2 protein chains.
Amino acid sequence: MTDGRTTLNQWADAGRCDLPRDTGTDQALSSTLIRGLEILALYSDSEISLSNSEIARRLGLNRATVSRLCKTLVHMGYLRRDPKGAFRLAPRILSLSYPVLAATRWRHRLVPPMRELAEMSGGNVTLAVMTDDQFVQIQNVGNPTSFPHVPESGVTGPLHRSASGRALLSLLEGQALFDKLAELRQKFPAEFESHAELTAASITRCRTEGFCTSYGDWRANIVAVSTPLGVTDDGLRVALSCGLPRFSAREEYVEKDLGPRMAEAAKAMRLMGPFVPGPAEPGRAAI
Amino acid sequence: MTDGRTTLNQWADAGRCDLPRDTGTDQALSSTLIRGLEILALYSDSEISLSNSEIARRLGLNRATVSRLCKTLVHMGYLRRDPKGAFRLAPRILSLSYPVLAATRWRHRLVPPMRELAEMSGGNVTLAVMTDDQFVQIQNVGNPTSFPHVPESGVTGPLHRSASGRALLSLLEGQALFDKLAELRQKFPAEFESHAELTAASITRCRTEGFCTSYGDWRANIVAVSTPLGVTDDGLRVALSCGLPRFSAREEYVEKDLGPRMAEAAKAMRLMGPFVPGPAEPGRAAI
DNA sequence: CATTTCGTTTCATATATCGTAATGCTTGTC
DNA sequence: GACAAGCATTACGATATATGAAACGAAATG
């Protein structure tokens, strides 16, 4: 039996990593559009308002260029100006997300069991889907005031360094998993290496026991339990997770009680969503 | 006493409309960025998947141009490809919205009273904010399966042709209201005219009675009651609304019971949010 | 009041973007 | 199974367009 770190690297070795090694400016991509989107992506819960020069500095752009791009974004209604003249995200940006929310209407059917889990555990229960090298939360249930961060749709996190991410990885089959791991290893070499052991163990555990756990791997003060739900008919990989403040999460409770309960709940929830029948259930073959 | 239509036009006449009459392509705006964002904005709950040529047709662009823009959007993670090769919005688009949701964390405090209203009325209760010429819903409470459309954050609608919109307009003061009306009249001349009577009456009613109603003005089968909540410390105008399927909304109930209840609830909710003390309360001067 | 910082605009230049046309792929039909 | 038709993508030259330097006005800072 090899250790998890070796295993994960072997898996990643088996993946083709066709990232085109980022040859400076890719001729086939529209750089102006990229820059505009990068401006929108600069914002976060701790970065509410950004000045022209701040944006220019962060993205390494000329101030004049930023001025024009921001003017365009304001014109489109996705940015607005605050009293000081700096730029903020405008509420209209929500309208871009709406189609995704509408297309995942099945979330609503999963809310009651999610609420049960949230009340039972006192934590925050989320649905997350995989997008490229991240997970994105699409549904949150729980008491949102009790957490240091703001749990909402749109929260993103790393695939290889969080319970949600690892549960999502466990939904990948064979070559698809190898490819994804190869991609992650190339993009985040150091992180991949330092978390390889936990990631390998979590993927395996999701497949045998139906859940995995994480103690502050992503957010230092959050303990998380996550379980793979399945793949929807339009190809979204979905995981169910529960986050608890570290101080209120005894390890034995998490491992022996909450984890198995989550796996059990997931079993029922798989029948409530549009998940394609497949090898998503725990207890299946190793890879 | 003049009629409402005349009144609204007089108000609009008093507004400066500094829209630069759209002189073809504005040199100061980045057309590539605009086109890319227009692609993302094409999606809706009824347009889940769009092919390259479909996008090109709708936006009047060359197919080769669309191919490149979409490739860029896929590269950024905001679009993904479905099995047929067409483009869909990727879940990552949600991450752009997250900062707006996080910045309006006060919504959570308003959810309990919203839930009460939803259960009492059997309808769907929403918070909406103004952005340019639209409202955007930022919070939904109710039973989402009972409606023909999908109530979610990100739903947008017209300011001058919906209860939410009119309640938001009623939050504008003096010249700001005139300017907004002038803008709306220029952008939607026919609609503005045909709904002028109702819009004027609703704005006035919001200010005297604290709520307004709409019978299918926006969505044909939805009756809505809306009440202005106020302006937040960072300048967002917020309205509280309740939508009911038309068949279950007796006019007398809506006007004599639900409306006043909403206005009453709003009074309490104004103390729970970050609303700046100002002339948002009903009973204030005419304009 | 002087000085610095910042945001916007102007303008010439370089180049990134566009559209045509050709290629290659998939789909549908006989 | 072969052919045809439609569609998406790529290549490439022409051109419109985005860029960055510099200048300007405004606002904050000393």
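Reminder, nothing fancy here: chain letters follow the sequence lines and each chain counts from 1. This structure is a prediction, so every number in the text was calculated from the model and none was measured.
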- Is the distance from OP1 or OP2 of D:dA18 to the nearest side-chain N or O of A:Ser31 less than 4.0 Å? no

- Task: Examine D:dC7: is either OP1 or OP2 under 4.0 Å from a nitrogen or oxygen in the side chain of B:Ser51? Give yes or no.
- Result: no

- Message: Taking the basic N atoms (NZ, or NE/NH1/NH2) and the acidic carboxylate oxygens, is any pair closer than 4.0 Å for B:Asp13 and B:Arg185?
- Response: yes

- Message: Would you say B:Ser53 places a side-chain N or O within less than 4.0 Å of OP1 or OP2 belonging to D:dC7?
- Response: no

- Item | Distance, rounded to the nearest Å, where B:Ile39 contributes CD1 and D:dA8 contributes C1' | 14 Å

- Between A:Ser153 and B:Tyr98 the two heavy atoms that sit nearest each other are O-CD1, 3.8 Å

- Message: Between B:Arg57 and B:Glu54, does any side-chain N to carboxylate O distance fall below 4.0 Å?
- Response: yes

- For A:Leu29 and C:dC18, give me the distance from atom CG to atom P, rounded to whole Å. 13 Å

- Message: Check this one for me: any side-chain N or O of A:Arg81 less than 4.0 Å away from OP1 or OP2 of C:dT8?
- Response: yes

- Grab the CG-C1' distance between A:Leu73 and C:dT8 for me, whole Å please. 16 Å

- Query: Would you say D:dT10 has OP1 or OP2 under 4.0 Å from some side-chain N or O of B:Ser67?
  - Reply: no

- Item | Protein-nucleotide distance (A:Leu33, atom CG; D:dA18, atom P), rounded to Å | 12 Å

- Message: Below the 4.0 Å mark, does C:dT5 have OP1 or OP2 next to a side-chain nitrogen or oxygen of A:Arg57?
- Response: no

- Closest non-hydrogen atom pair, A:Leu37 against B:Met76: CB-CE, 3.8 Å

- Message: Measure CG/A:Leu69 against C1'/C:dT8 and give the value in whole Å, please.
- Response: 14 Å

- Can you find a side-chain donor-acceptor pair between A:Ser44 and A:Ser46 that sits under 3.5 Å? yes

- Think A:Arg68 has a side-chain N or O under 4.0 angstrom from the OP1 or OP2 of D:dA18? yes

- Comparing nearest nucleotides in DNA chain C, the 5'-proximal residue of the pair A:Val66, B:Ala64 is A:Val66

- Determine: side-chain N/O of B:Arg35 to OP1/OP2 of C:dT17, distance under 4.0 Å, yes or no. no

- Of B:Thr65 and A:Asn62, whose nearest nucleotide on DNA chain C comes first from the 5' end? A:Asn62

- Note on the structure: side chain to side chain contact (heavy atoms under 4.5 Å, CB included) with B:Lys180: of B:Leu172, B:Leu168, B:Asp133, only one passes, and it is B:Leu172

- Message: Please report the distance, rounded to the nearest Å, between CZ in A:Arg63 and P in D:dA23.
- Response: 14 Å

- Round to a whole Å and report the spacing from CD1 of A:Ile55 to C1' of D:dT19. 17 Å

- D:dA18 phosphate, OP1 or OP2, under 4.0 Å from B:Thr32 side-chain N/O: yes

- Message: Tell me the interatomic distance from A:Leu61, atom CG, to D:dA21, atom P, rounded to whole angstroms.
- Response: 12 Å

- Any side-chain N or O of B:Lys84 under 4.0 Å from OP1/OP2 of C:dT27? no

- When you check the phosphate oxygens OP1 and OP2 of C:dG7, does a side-chain N or O of A:Lys71 lie under 4.0 Å from one of them? no

